[in-house]
Amino acid sequence: MNTEDTAAPEEVHDFIRDRVRGDLANGTVDHLATRFPPEPNGYLHIGHAKSICLNFGVAQEFGGHCNLRFDDTNPAKEDQEFIDAIQADVKWLDVGWDGDVKYTSDNFEKLYEWAEHLIGKGLAYIEDLSADEMREYRGTLTEPGRESPSRSRSVDENLDLFRRMRAGEFEDGARVLRARIDMAAGNINLRDPVLYRIVRAPHPRTGDAWCIYPTYDFAHGQTDAMEGVTHSLCTLEFEDHRPLYDWLIENLPVPARPRQYEFSRLNMTHSILSKRLLTQLVADGHVAGWDDPRMPTVSGLRRRGVPASAIRDFISRLSISKNEGTVEAAMLEHCIRDPLNDSALRRMGVLRPLKVVIENYPEGQIEEVDAVNNPRDETAGTRKVPFCREIYVERDDFMEDAPKKFFRLSLGREVRLRAAYFVTCTDVIKDDAGEVIELRCTYDPETRGGDSPDGRKVKGTLHWVSAQHAVEAEVRLYNPLFADENPGAAEDFVSALNPDSLEVLTGCKLEPVLADIPAGEVVQFERLGYFCTDPDATAENPVFNRTVGLRDSFAKAMAKK
RNA sequence: UGGGGCGUAGCCAAGUGGUAAGGCAACGGGUUUUGAUCCCGUCAUGCGCAGGUUCGAUCCCUGCCGCCCCAGCCA
């Protein structure tokens, strides 16, 4: 028996899991429930993936349950498209979601009832002040606010006005319901925060049943309580809201006592993880859509070929803390290559073709050489690759005045063609402009398969594709959307966009089996990187995306010079 | 100048009153029919700074400094 297979998975430790463990051990809670509560006003990005992995992960680890709950309290911004896309992303991430969906809007009636309850206790009132006036009354960070004249209204009058708000008697923005807490509180969230506002916009779930909607603050904790959520995990910017969260829970007849814990959100170099800014990129056409492979969205990463397991692994290496930092994108890249290195079938594709004629190879002859599909996995077997007199190699694999350390083709140098033969460059053909347009080589028939019987060694092995059998394709190379490490610091993030984030290569030459690659499968183009087909591909025009390049220490060394 | 947080290597981080895990990156070496992978090694006399308590402090105390969040009828 393999002990590795039976070893218990190691306990994950971070301040939240330690807290959960403690609460469960000392009886503070008798079960564990979390929730992932996206607002359906955009697509999920990798920062959300952190929250998803945390919430679903904790639930799974401690025998609890995690709800996917749409926080749909603002119909002015939300849309069914996002509800659908978010579900598809969560499902794809494969974090143990059971398919059950909850909505804050499921509880609108109960929330309304509790708002009346608060009014009845004298803890909430209808505000007549305009938004601007309220801002004035609120004070500043260093000065206390002033109490509004509306604050002294009677319970009956408040109740009456609130019911009339619901009935649609007032214009949007005419009045709001506020909590009556403390206009002088140092924490501005406690200066009589808004609980309900009038919004006439069709709601994706409730249509026009309501014209008043609860704010996040009023809805979130109470919905947690109704769903039996024990640990409500959110990001640091909500830390200031916790006293309000607690105040509402304490003053309402809720069936449970959820607690909020805050962790730091994910930041990553060369990208922007703000739904507002990502929305702008999409709306203004700077990218092709939410699932543009350059986007840090879950759907963008998926389209690019990133395995869900890579995202989960990436998140698990981050750990949960309250430190605000920025993870290097290289970390994600490593996590993407890691599983692909094990699973991806090796193929050959020439991105920037340079024709090579093997002069001593019989005209019209075609051979099929055996190539290993995956050196990391013997069961992946081998495949036949056609070889003939004319082939393509990568332009970068030839250099005229090559330095000694250039282990590739140059006049007079011998290299190995992967799985085929040793070839030696005998002539370089140029066009009138002096551009190299073709290489003439000779091959050594004794080296079939890639080894020389005389023990002769070559330093370089090149990928190649038979000219006669090549599949022509378009290949899209992706570079960071932002060249700068920290685009968020730019005065205008749009101007920080990397003009070279997308490189489209046409006329690429791929080995024949690539014509039949299934959608969604990621293969390695040897020596280049990992690639998969893009949904834009058609039978006439295959399109491949580069998921991520291979590490390239040679290029790195050259760049240093 | 109000309130709430955070400061351990280039990055993400664990950690304990007893002498600083791990991962990524980087660098050096070995293997290699992918300049990939894989393997081996190096990488904090130091835990924001300054005092104090203590036999001993990254961990306790005090005072500073730096960074982040909050003045939506967004979430």
Side-chain angles (χ1 to χ4, degrees), chain A residues 13-14 37-39 41 71 73-74 76-77 127 129-131 134-136 138-145 172-178 184-191 193-199 212-213 215-217 219-220 234-243 262 264 266 269 275-276 314 316-335 337-338 341-342 346 348 371-372 375-376 405-408 416-420 422 447 449-451 457-463 485 524-529 549-558:
Chain A
H13 281 275
D14 54 56
E39 182 189 13
N41 65 346
D71 214 348
T73 59
N74 186 2
K77 292 188 173 181
E127 176 62 87
L129 256 31
S130 70
M134 275 179 64
R135 182 160 38 246
E136 263 176 57
R138 190 151 34 226
T140 68
L141 293 179
T142 52
E143 300 157 25
D172 285 22
R175 295 180 212 267
V176 293
L177 178 71
R178 304 177 75 172
N187 182 344
I188 291 177
N189 291 299
L190 263 20
R191 317 240 265 229
V194 171
L195 268 23
Y196 265 88
R197 73 286 213 202
I198 304 170
V199 179
I212 60 171
Y213 291 90
T215 56
Y216 164 86
D217 284 313
H220 207 91
C234 62
T235 43
L236 253 28
E237 65 270 28
F238 292 101
E239 222 153 11
D240 286 348
H241 293 244
R242 181 158 24 101
E262 311 86 12
S264 59
L266 173 66
T269 58
K275 229 194 294 191
R276 184 177 66 83
F314 171 65
S316 77
R317 295 188 196 216
L318 258 28
S319 188
I320 301 297
S321 76
K322 298 185 78 139
N323 300 351
E324 293 176 88
T326 303
V327 178
E328 289 174 344
M331 180 94 125
L332 211 212
E333 287 203 352
H334 170 83
C335 293
R337 291 188 191 105
D338 204 39
N341 180 42
D342 286 334
R346 271 55 172 177
M348 290 195 284
V372 172
R376 306 262 305 160
K405 289 287 179 97
F406 186 78
F407 305 142
R408 307 178 185 183
R416 170 168 41 233
L417 294 177
R418 170 117 242 220
F422 283 10
T447 57
D451 275 311
K457 299 289 182 202
V458 289
K459 286 293 283 184
T461 299
L462 272 42
H463 59 278
E485 267 208 353
Q524 182 191 106
F525 286 5
E526 290 207 54
R527 303 208 302 137
L528 298 176
L550 255 29
R551 289 184 59 168
D552 189 348
S553 60
F554 177 67
K556 203 169 288 178
M558 295 303 278

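Only heavy atoms go into these numbers, but all of them, side chains included; no hydrogens, no water, no symmetry mates.
- OP1 or OP2 of A14(B) lies within a sub-4.0 Å distance of a side-chain N or O belonging to Ser319(A).
- Here the nucleotide nearest the side chain of Arg527(A), chosen from G7(B), G23(B), U34(B), is U34(B).
- Closest approach to the Arg138(A) side chain among G72(B), A25(B), C74(B) is made by G72(B) (side chain taken as heavy atoms from C-beta onward).
- Counting non-hydrogen atoms under 4.0 angstrom, Pro375(A) reaches a base of the nucleic acid.
- Comparing atom distances between the Thr73(A) side chain and each of A25(B), A75(B), A26(B) picks out A75(B) as nearest.
- Residue Asn323(A) places none of its side-chain N or O atoms closer than 4.0 Å to OP1 or OP2 of C6(B).
- Under 3.5 Å, the side chain of Arg376(A) and the base of U37(B) form no donor-acceptor pair of N or O atoms.
- Note on Arg416(A): a base of the nucleic acid sits closer than 4.0 angstrom, heavy atoms only.
- Counting any heavy atom pair closer than 4.0 Å across all strands shown, Arg551(A) reaches sugar-phosphate atoms only and no base atom.
- Picking from G5(B), A13(B), G23(B) the nucleotide with the shortest atom distance to the side chain of Arg317(A) gives G23(B).
- As judged by a 4.0 angstrom heavy-atom cut-off over every strand, Glu262(A) is placed among residues making no nucleic acid contact.
- At C24(B), one or more side-chain N or O atoms of His334(A) fall inside 4.0 Å of OP1 or OP2 (strictly under the cut-off).
- As judged by a 4.0 angstrom heavy-atom cut-off over every strand, Thr269(A) is placed among residues making no nucleic acid contact.
- Between Asp14(A) and Asn341(A), the residue anchored nearer the 5' end of RNA chain B, judged by the nucleotide with its closest heavy atom, is Asp14(A).
- Among the heavy atoms of the strands lying under 4.0 Å from Leu129(A) is at least one base atom, whether or not backbone atoms are also near.
- The six-membered or imidazole ring of Phe238(A) lies near that of Tyr216(A), with a centre-to-centre distance under 6.0 Å.
- With the nearest nucleotide of RNA chain B identified for both Arg276(A) and Glu39(A), Arg276(A) has the one nearer the 5' end.
- Counting any heavy atom pair closer than 4.0 Å across all strands shown, Ser321(A) reaches sugar-phosphate atoms only and no base atom.
- Nucleic acid contact class of Leu550(A) (heavy atoms, under 4.0 Å, all strands): base.
- Taking 4.0 angstrom as the limit, Ser264(A) places none of its side-chain polar atoms (N or O) nearer than this to OP1 or OP2 of C68(B).
- Within 4.0 Å (heavy atoms only), Phe525(A) reaches no atom of the nucleic acid at all.
- Nearest to the side-chain atoms of Lys556(A) among the listed nucleotides A75(B), C74(B), A26(B) stands A26(B).
- Contact annotation: Arg178(A) side-chain N/O to C73(B) OP1/OP2 distance is not under 4.0 Å.
- One N or O donor and one acceptor, one from the side chain of Arg408(A) and one from the base of G35(B), sit under 3.5 Å apart.
- Note on Val327(A): only backbone sugar-phosphate atoms sit closer than 4.0 angstrom, heavy atoms only; bases stay farther off.
- Between Arg135(A) and G72(B) there is a side-chain N or O to OP1 or OP2 distance below 4.0 Å.
- Both geometric conditions, a ring-centre gap below 5.5 Å and a plane tilt below 30°, are fulfilled for Phe554(A) over the base of G35(B).
- Residue-level contact check: Glu328(A) touches the bases, meaning some heavy atom is under 4.0 Å from a base atom.
- Looking at Thr461(A) and Arg416(A), their side chains do bring a donor and an acceptor atom within 3.5 Å of each other.
- If you check every strand for non-hydrogen atoms under 4.0 Å, Phe238(A) touches a base.
- The residue Asp240(A) sits close to a base: some heavy atom pair falls under 4.0 Å.
- Residue-level contact check: Asp217(A) touches neither bases nor backbone, having no heavy atom under 4.0 Å from any strand.
- Between the side chain of Thr326(A) and the backbone N or O of Thr269(A) there is no donor-acceptor pair closer than 3.5 Å.
- The listed nucleotides are A75(B), U37(B), A25(B); the one nearest the side chain of Ala330(A) is A25(B).
- One atom, CG of Leu195(A), and another, C1' of A75(B), lie 15 Å apart when rounded to the nearest Å.
- If you check distances only, the side chain of Glu143(A) never reaches the base of G2(B) with a donor-acceptor pair under 3.5 Å.
- With hydrogens and angles ignored, a donor-acceptor pair closer than 3.5 Å exists between the side chain of His241(A) and the base of A75(B).
- Ranking G2(B), C73(B), C74(B) by closeness to the Thr142(A) side chain, first place goes to G2(B).
- Closest to the side chain of Arg197(A), from the set C24(B), A36(B), C73(B), is C73(B).
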